[in-house]
Amino acid sequence: MSFNASLANLFDRMSAMLELTGADRFRVNAHAKAARVIRDHATDLEPIARDPKALTAIDGIGKGTAAKIAEFAETGSIAEHDELAGRVPPGVLEMLNIPGLGPKTVKLLWEEKGIESIHALKDAIEDGSILDLPRMGAKTVENIKESIAFIESSGKRLHIGVAMPVAEALVARMLNTAGVTRCAFAGSLRRGKESIGDIDVLVSTTDPEAARAAFCEHSSVTKVLARGEHKCSVRLSLDGLGGRFAAETEAAIQADLRLIPESSWGAALMYFTGSKEHNVRLRERALAKGMTLNEWGLFPEDRNDSTPPQQRGVPAVASETEASIYEALGLPFLPPTVREDRGEFDLKHTPRLIEVADIKAELHSHTVASDGEMTIEESAAKALERGFHTLAITDHSQSSAVANGLKPERLREHIKRVRAANEAVDGITLLAGSEVDILVDGNLDYDDDLLQMLDILVASPHAGLKARPAQATKRLLKAISHPLVHIIGHPTGRLIERRPGMEPAMDELIAAAIEHDVALEINAHWMRLDLRDTHVRAAVEAGCKIAINCDVHAPGDYDNLRYGVLTGQRGWLPPEQCINTWDHQKLHDWLRSKR
DNA sequence: GCCGTTTTCGGCCCGACTGTTTTCAGTCG
């Protein structure tokens with residue numbers, strides 16, 4: 001695990017353990033925030049770990065945290081963490097993962113009943129001894145029991161590519177319900193995060209009961225967690241929603257419905273889109289301007305009245321649109337994908353971020369020659385449908401044996417076939433390329449004289465993904481410096497929630513990519529999204545070229561483009577910095593410049 | 001523990017819902 005990730009995990013654990021031992025809640029929050037900014041930080045903190053000035057320049061890191069980071073760099077541990085870990089059993093921390101169980105209850109279970117693990121908790125539920133605790137009734141116990149079953153069966157975060165179609169189906173269903181005038185999803189899905197904890201759906205309606213019924217009584221609902229006036233919460237099984245997710249049929253997800261008056265639509269959309277951290281900063285900003293912000297709107301602040309302003313009939317300063325609220329707070333409109341409290345409040349104008357419509361070329365695709373499902377011509381037809389001017393055919397190289405990688409002789413024939421297809425197909429340029437393995441030693445999988453024949457070269461790591469960071473960096477730097485390489489494909493090789501991939505020094509890769517005029521890829525497949533958002537942000541700030549590719553294997557893969565674009569947006573990627581947006585002339589001039 | 005366009009001390013976001021209560025604590029987002 002990287003320095004930043006290890007450190008962030010320690011701070012997360014410290015935050016939880018402080019809470020469980022009754023520490024001041026602001027100290028608890030400060031540790032949680034430190035964990036977040038450390039995890040989100042795009043460059044490795046180890047080189048500056050002994051430089052308190054550089055560390056405290058990062059928002060959320062003060063003197064105390066800087067000292068702990070230095071201690072971790074020096075000794076590999078943090079004394080405060082170890083001291084806390086000596087007092088809080090690991091199983092107690094684990095209980096915090098049970099939905100509906102928070103720190104107060106876990107503390108109570110631990111201190112009053114000596115329950116120190118989920119296993120012991122199950123025993124206490126079975127023998128009924130848990131009922132002795134205050135505020136612990138039959139219904140609460142039943143909910144805890146179901147929550148444990150939920151996290152033990154699935155309960156994991158879902159890939160954006162799985163959650164998005166479910167959310168779109170939900171929105172379509174609600175829009176088809178009598179009385180519904182507006183409907184949209186919000187939450188981390190709208191922010192384009194790579195994985196999703198739950199789905200938030202907002203509706204405005206003239207018939208609230210019909211909306212509640214449409215939401216809570218659908219056949220895919222396995223449990224109704226809440227059904228209130230303004231909010232319903234359900235657990236869904238995914239196989240009830242179209243059966244498109246064969247591998248995910250075990251999966252379940254929570255979905256929340258919020259009933260919103262039209263007049264508060266913007267405030268609610270903003271509130272439920274988050275992120276939580278972004279919202280906190282917005283509300284602080286509102287207070288500083290003598291106003292208060294909630295999901296009903298932005299209101300004048302009245303310190304003398306604790307009744308929420310919307311209940312007193314106070315007219316809102318702004319509430320109907322997100323843009324009007326940002327404006328009233330003296331901010332430009334901030335697109336959902338940048339709302340992470342990662343510096344967006346310093347923006348003077350709404351950034352022009354990349355959009356799906358900007359993409360004009362797919363530069364990473366596979367055909368039946370290796371492990372794809374389509375012929376060259378079939379893939380070209382799909383690319384044409386999207387209005388692309390260029391499609392690069394980049395089948396696997398020889399070392400990718402399981403993917404039917406091409407031996408040198410087959411590649412030579414394949415190049416001829418692509419060139420012939422390019423002559424035959426109108427309206428699009430087909431490039432003869434290859435996705436060449438970056439071998440464990442950093443060398444490429446074909447000889448240079450063969451590579452020289454290719455119009456485009458995507459170099460990607462496929463094996464040896466457990467290499468240590470230093471080794472991974474060396475390997476990738478060698479590939480980047482190869483003069484024939486255009487693009488580094490899925491640079492870390494990670495699979496979201498499945499395989500961590502490599503953790504190279506991303507700042508070094510970015511610097512080398514700029515020096516050697518190489519583009520780093522955002523692989524748009526929702527299982528990869530590699531580069532990830534924070535890496536993109538670092539690359540964008542450094543001025544590195546980015547490619548967004550679908551890594552096409554099947555017809556539907558072209559539809560993954562939007563996930564790559566969302567990841568680009570989360571990295572603040574402007575269209576001109578992404579080579580897939582360039583017009584034909586500019587793109588092909590650049591490709592030829594490396595031949 | 002962090003932070004400063006009123007502050008280097010004294011603050012630190014806001015409301016809905018559930019389950020257990022009989023006025024509210026805990027959790028969530």
Side-chain angles (χ1 to χ4, degrees), chain A residues 11 14-15 18-19 23-37 55-69 80 96-109 131 133-144 147 186-191 196-202 212 224-234 254-260 264 267-268 270-299 301 306-311 330 339 341 345:
Chain A
F11 272 90
M14 277 193 280
S15 173
L18 282 167
E19 190 158 27
D24 172 63
R25 68 191 168 101
F26 298 110
R27 237 181 113 213
V28 172
N29 280 345
H31 280 77
K33 178 165 186 185
R36 182 175 65 87
V37 300
L55 287 175
T56 52
I58 301 167
D59 186 47
I61 296 181
K63 255 176 79 179
T65 302
K68 282 171 202 158
I69 295 174
E80 186 189 351
L96 287 174
N97 296 328
I98 300 168
L101 267 199
K104 296 272 165 57
T105 313
V106 169
K107 192 165 185 273
L108 199 67
L109 289 164
L131 290 163
L133 289 170
R135 310 189 60 85
M136 189 63 71
K139 201 142 189 180
T140 301
V141 172
E142 186 56 31
N143 286 339
I144 293 172
S147 288
S188 49
L189 198 56
R190 183 163 178 246
R191 301 201 311 280
I196 306 301
D198 60 13
I199 297 172
D200 295 300
V201 176
L202 273 51
R212 283 189 281 264
V224 178
L225 300 163
R227 186 169 175 162
E229 186 185 352
H230 301 285
K231 175 190 169 181
C232 299
S233 199
V234 299
Q254 184 175 324
D256 295 339
L257 178 75
R258 314 276 176 167
L259 297 145
I260 310 294
S264 292
M270 184 179 230
Y271 183 84
F272 291 112
T273 295
S275 67
K276 191 179 169 199
E277 292 78 13
H278 181 87
N279 287 349
V280 168
R281 294 291 297 270
L282 284 175
R283 293 194 285 267
E284 286 171 355
R285 210 179 162 94
L287 283 178
K289 288 182 173 292
M291 295 181 280
T292 180
L293 177 65
N294 59 33
E295 63 262 53
W296 301 92
L298 180 65
F299 299 92
E301 167 74 335
S306 63
T307 311
Q310 69 277 4
Q311 289 178 18
R339 298 180 194 172
D341 188 22
F345 292 100

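For the numbers below, each heavy atom of this structure counts, side chains included, while hydrogens, waters and symmetry mates do not. Because the structure is a prediction, the values reported are computed rather than measured.
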Ring centroids of A/F26 and B/dC12 base under 5.5 Å with planes under 30°: yes
In whole angstrom, what separates [X]'s [atom1] from [N]'s [atom2]?
X      : N      : atom1 : atom2 : answer
A/E284 : B/dT7  : CD    : P     : 17 Å
A/M270 : B/dC13 : CE    : C1'   : 14 Å
A/L287 : B/dG4  : CG    : P     : 16 Å
A/N29  : B/dG11 : CG    : C1'   : 13 Å
A/D59  : B/dC12 : CG    : C1'   : 13 Å
A/I144 : B/dT18 : CD1   : P     : 17 Å
A/L259 : B/dA16 : CG    : C1'   : 12 Å
A/H230 : B/dG15 : NE2   : C1'   : 10 Å

Rounded distance in Å between the [atom1] positions of [N] and [M]:
N      : M      : atom1 : answer
B/dG26 : B/dT22 : P     : 15 Å
B/dT20 : B/dC28 : P     : 16 Å
B/dT18 : B/dT23 : C1'   : 15 Å
B/dC12 : B/dT8  : C1'   : 15 Å
B/dC13 : B/dG4  : P     : 14 Å
B/dG15 : B/dT5  : P     : 25 Å
B/dG11 : B/dT7  : C1'   : 9 Å

Would you indicate what [X] reaches in the nucleic acid, counting non-hydrogen atoms under 4.0 angstrom: base, sugar-phosphate, or nothing?
X      : answer
A/R281 : nothing
A/K68  : sugar-phosphate
A/K63  : sugar-phosphate
A/G60  : sugar-phosphate
A/L282 : nothing

side-chain contact (heavy atoms from CB on, under 4.5 Å) partner of A/F272, chosen from A/I260, A/V201, A/N279: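 Result: among A/I260, A/V201, A/N279, A/I260 is the only option passing the side-chain contact (heavy atoms from CB on, under 4.5 Å) with A/F272.
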A/Q254, A/R190, A/R258 screened by side-chain contact (heavy atoms from CB on, under 4.5 Å) with A/D200, the one that passes: A/R258
Phosphate OP1/OP2 of [N] contacted by [X] side-chain N/O (<4.0 Å):
X      : N      : value
A/W296 : B/dC14 : no
A/N294 : B/dG15 : yes
A/S233 : B/dC17 : no

Per-nucleotide protein contact string for nucleotides 20-29 of chain B (B base, S sugar-phosphate only, - none; heavy atom under 4.0 Å): B---BBSSSB
Identified pairing partner of B/dC12, criterion: Watson-Crick or G-U wobble below 3.5 Å: B/dG1
Going from [atom1] on [X] to [atom2] on [Y], what distance comes out if it is rounded to the nearest 0.5 angstrom?
X      : Y      : atom1 : atom2 : value
A/R283 : A/Y271 : CZ    : OH    : 5.0 Å
A/S233 : A/D198 : OG    : CG    : 7.5 Å
A/R227 : A/L257 : CZ    : CG    : 10.0 Å
A/T105 : A/M136 : OG1   : CE    : 6.0 Å

Side-chain heavy-atom pair A/L55, A/T65 within 4.5 angstrom cut-off: no
side-chain hydrogen bond (donor to acceptor under 3.5 Å, both in side chains): pairs with one or both residues in residues 24-37 of chain A, sequence neighbours excluded: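 Checked against side-chain hydrogen bond (donor to acceptor under 3.5 Å, both in side chains) - neighbours excluded - the pairs reaching residues 24-37 of chain A are A/R27-A/E80, A/H31-A/K68, A/K33-A/D59, A/R36-A/D341.
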5' precedence on DNA chain B between A/T65 and A/P308 (nearest-nucleotide basis):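 Taking each residue's closest nucleotide, the earlier one in sequence belongs to A/T65.
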Non-neighbouring partners of A/F26 that pass ring pair (Phe, Tyr, Trp, His ring centres under 6.0 Å), sequence neighbours left out: none
